[in-house]
Protein chains: 2
Amino acid sequence: MATDDLMSRALAALGDDGAPSVEVIQALADPAGTSEPMTIAEAAAHLDVSPHTLRYYERAGLVAVSRDAAGHRVYDADAVRRLVFLTRMRLSGMPVRDLQHYVSLVDAGKQTEPERLDILLEHRDTIRRRIRELTLSLAATEYKIATYGGSTGPDVDSAAAPNVVADDVLDQVHRR
Amino acid sequence: MATDDLMSRALAALGDDGAPSVEVIQALADPAGTSEPMTIAEAAAHLDVSPHTLRYYERAGLVAVSRDAAGHRVYDADAVRRLVFLTRMRLSGMPVRDLQHYVSLVDAGKQTEPERLDILLEHRDTIRRRIRELTLSLAATEYKIATYGGSTGPDVDSAAAPNVVADDVLDQVHRR
DNA sequence: GCTTGCCTTCGAGCGCGCTCGAAGACCTAG
DNA sequence: CTAGGTCTTCGAGCGCGCTCGAAGGCAAGC
């Protein structure tokens with residue numbers, strides 16, 4: 001359901017605030033396995049997290065990272081791919097605990113794929129719910145901005161009645 | 001900007017999963033100031049938080065609540081209105097710290113309205129950013145579901161090449 | 001009178017996700 | 001040879017937002 005429009009949606013999202021289509025083409029043109037092994041600093045920069053966080057993820061069992069002769073971490077393509085996945089899931093609000101569960105399933109082998117799929121399906125629904133919540137909160141915030149006023153209670157503003165009505169409606173929606 | 005379509009959007013959101021328009025009409029019909037003073041348990045149920053949380057908000061200086069003869073909290077319409085605002089803002093991700101700042105401005109008087117408006121405008125942008133992030137994460141998750149595979153790294157799946165390309169595209173989008 | 005139950009205050013504790021600091025190994029440039 | 005920088009491990013600490021527990025007050029019902 002709604003899968004083959006992924007690209008169009010990603011591109012649409014890109015189109016929102018500028019014209020970074022160059023990057024997209026670059027990404028598309030980049031051969032899949034080109035990436036060289038990275039140091040922790042490079043990986044951190046690439047993933048936009050701190051080296052501390054990468055060590056934390058490793059300690060948490062989310063990713064295995066090999067060492068070079070000096071004992072320094074080496075992030076190869078596989079590790080980076082997994083970390084891209086992990087950081088994206090974190091960004092979308094999946095708890096570290098769930099990610100631990102997920103990667104344990106991945107490491108357990110192919111027969112766990114149905115369970116992994118379930119996790120993703122549930123997570124998808126969670127994201128959708130969150131987007132709906134935020135969309136409503138956004139509407140409420142924009143309404144508040146428009147009628148500004150700015151009362152949160154005691155001080156009744158001039159347009160009190162419609163404001164309260166809208167609040168109640170949004171309240172109903174929120175508690176769905 | 002984009003303010004007068006609040007109602008239509010709220011209603012559209014409602015229309016998504018059923019036919020709860022009865023509640024909307026109910027909410028619209030409900031006279032603004034009808035609500036009776038509540039106990040902490042009633043207020044908590046109404047706001048869908050725990051009594052503990054309400055006491056915490058009060059301790060944090062977010063809302064003033066009077067007491068009855070027995071020393072029990074009495075949530076009047078003003079307090080409830082403020083708490084509706086507070087819980088909605090919390091739900092939309094505004095930190096308690098920012099809410100403390102905001103209510104201190106409200107309590108400081110009308111001349112702080114411009115600053116309050118600034119806070120709301122910034123928060124609106126924050127929500128918008130978050131929605132964009134989540135929309136992308138949703139697309140990525142749906143893509144992963146569609147191509148399932150479920151690899152996060154080491155085990156290369158059959159459709160590896162397009163998967164990686166999509167990952168990289170979304171990666172570019174994410175780091176905008 | 002006594003139990004039940006909801007309330008009060010206060011301070012402490014917790015789960016999450018990092019984030020930091022100390023102490024030391026190693027490589028490279030000057 | 002030395003200084004600087006980046007890395008290592010380990011454990012502790014922190015900011016947030018609750019969440020809980022202990023000890024007790026008060027009102028209603030049996």
Side-chain angles (χ1 to χ4, degrees), chain A residues 36-76 79-80 82-83 85-103 123 126 130 133-134 137, chain B residues 36-76 79-80 82-83 85-103 123 126 130 133-134 137:
Chain A
E36 291 294 301
M38 295 175 177
T39 68
I40 193 169
E42 290 163 349
H46 182 70
L47 294 162
D48 204 24
V49 298
S50 75
H52 280 305
T53 299
L54 291 184
R55 294 192 196 100
Y56 165 70
Y57 286 173
E58 186 179 348
R59 263 197 289 182
L62 293 180
V63 62
V65 184
S66 53
R67 308 296 146 109
D68 64 12
H72 290 194
R73 286 172 176 80
V74 176
Y75 289 86
D76 60 17
V80 171
R82 179 171 284 197
L83 283 167
F85 171 75
L86 291 170
T87 51
R88 183 140 62 229
M89 294 310 257
R90 284 293 304 120
L91 204 59
S92 68
M94 183 177 280
V96 166
R97 185 171 303 266
D98 292 2
L99 287 170
Q100 287 171 327
H101 182 201
Y102 189 93
V103 302
H123 185 57
T126 301
R130 189 75 190 116
E133 283 177 4
L134 285 178
S137 298
Chain B
E36 290 295 300
M38 295 175 176
T39 68
I40 192 169
E42 291 163 348
H46 181 71
L47 295 162
D48 202 27
V49 297
S50 75
H52 280 306
T53 299
L54 291 184
R55 294 191 198 99
Y56 164 71
Y57 285 175
E58 185 180 349
R59 263 196 288 182
L62 292 180
V63 61
V65 184
S66 54
R67 308 297 146 108
D68 65 12
H72 291 193
R73 286 172 176 78
V74 176
Y75 290 87
D76 60 18
V80 172
R82 177 171 286 200
L83 283 167
F85 171 75
L86 291 171
T87 51
R88 184 139 61 228
M89 294 310 256
R90 285 294 304 119
L91 203 59
S92 68
M94 182 177 279
V96 167
R97 189 171 298 268
D98 292 2
L99 287 170
Q100 287 171 326
H101 183 202
Y102 189 92
V103 303
H123 184 57
T126 300
R130 189 77 189 113
E133 282 176 5
L134 284 178
S137 298

Take the protein atom CG of A/Leu91 and the nucleotide atom P of C/dC16, then report the distance between them rounded to whole Å.
19 Å
A/Met38 CE to D/dT6 C1': how many Å, rounded?
17 Å
Determine, step by step, whether A/Arg82 and A/Val103 satisfy the side chain to side chain contact (heavy atoms under 4.5 Å, CB included) criterion, reporting the C-alpha distance in whole Å, the side-chain angles of both residues, the deciding distance to 0.1 Å, and the verdict.
CA-CA 9 Å; A/Arg82 179 171 284 197; A/Val103 302; 3.8 Å; yes
OP1, OP2 of D/dC18 versus side-chain N and O of B/Arg90: anything below 4.0 Å?
yes
Verify the contact: side-chain N or O of B/Ser50 to OP1 or OP2 of D/dC18, cut-off strictly under 4.0 Å; return yes or no.
no
Minimum heavy-atom distance between A/Tyr57 and A/Thr87, given as atom pair plus value:
CE1-CG2, 4.3 Å
Output the rounded distance in Å from CE (B/Met94) to C1' (D/dC18).
19 Å
Any salt bridge linking A/Arg55 with A/Glu58? Criterion: basic side-chain nitrogen under 4.0 Å from a carboxylate oxygen.
no
Do B/His123 and B/Ser92 get their side chains close enough for a donor-acceptor pair, meaning under 3.5 Å?
yes
Would A/Tyr75 and A/Ile40 satisfy side chain to side chain contact (heavy atoms under 4.5 Å, CB included), going step by step from the backbone distance to the final call?
CA-CA 7 Å; A/Tyr75 289 86; A/Ile40 193 169; 3.7 Å; yes
Length of the CG-C1' vector between A/Leu83 and C/dC18, whole Å:
15 Å
Can you sort out which residues in residues 51-68 of chain B have a heavy atom within less than 4.0 Å of DNA chain D? Ascending by number, please.
B/His52, B/Thr53, B/Tyr56, B/Tyr57, B/Arg59
Test side chain to side chain contact (heavy atoms under 4.5 Å, CB included) on A/Arg90 and A/Leu99; report intermediate values, then the result.
CA-CA 8 Å; A/Arg90 284 293 304 120; A/Leu99 287 170; 3.6 Å; yes
Euclidean distance, atom CG of residue B/Leu47 to atom C1' of D/dC18 [Å, nearest integer]
16 Å
Might you point out which heavy atoms bring B/Val74 and B/Pro37 nearest each other, and give the distance in Å?
CG1-CB, 3.7 Å
Which nucleotides of nucleotides 22-29 of chain D have their base under 4.0 Å from a protein heavy atom (B), which only their sugar-phosphate (S), and which neither (-), written as one string 5' to 3'?
--------
Separation of D/dC18 C1' from B/Arg97 CZ (nearest whole Å):
15 Å
Looking at A/Arg73, does any N or O in its side chain come under 4.0 Å of the phosphate oxygens OP1/OP2 on D/dT8?
yes
Does B/Thr53 use its side chain to pair, donor to acceptor, with the backbone of B/Val49 at less than 3.5 Å?
no
Output, in order, the C-alpha distance, side-chain angles, deciding distance and verdict of side chain to side chain contact (heavy atoms under 4.5 Å, CB included) for B/Val80 and B/His46.
CA-CA 9 Å; B/Val80 172; B/His46 181 71; 4.0 Å; yes
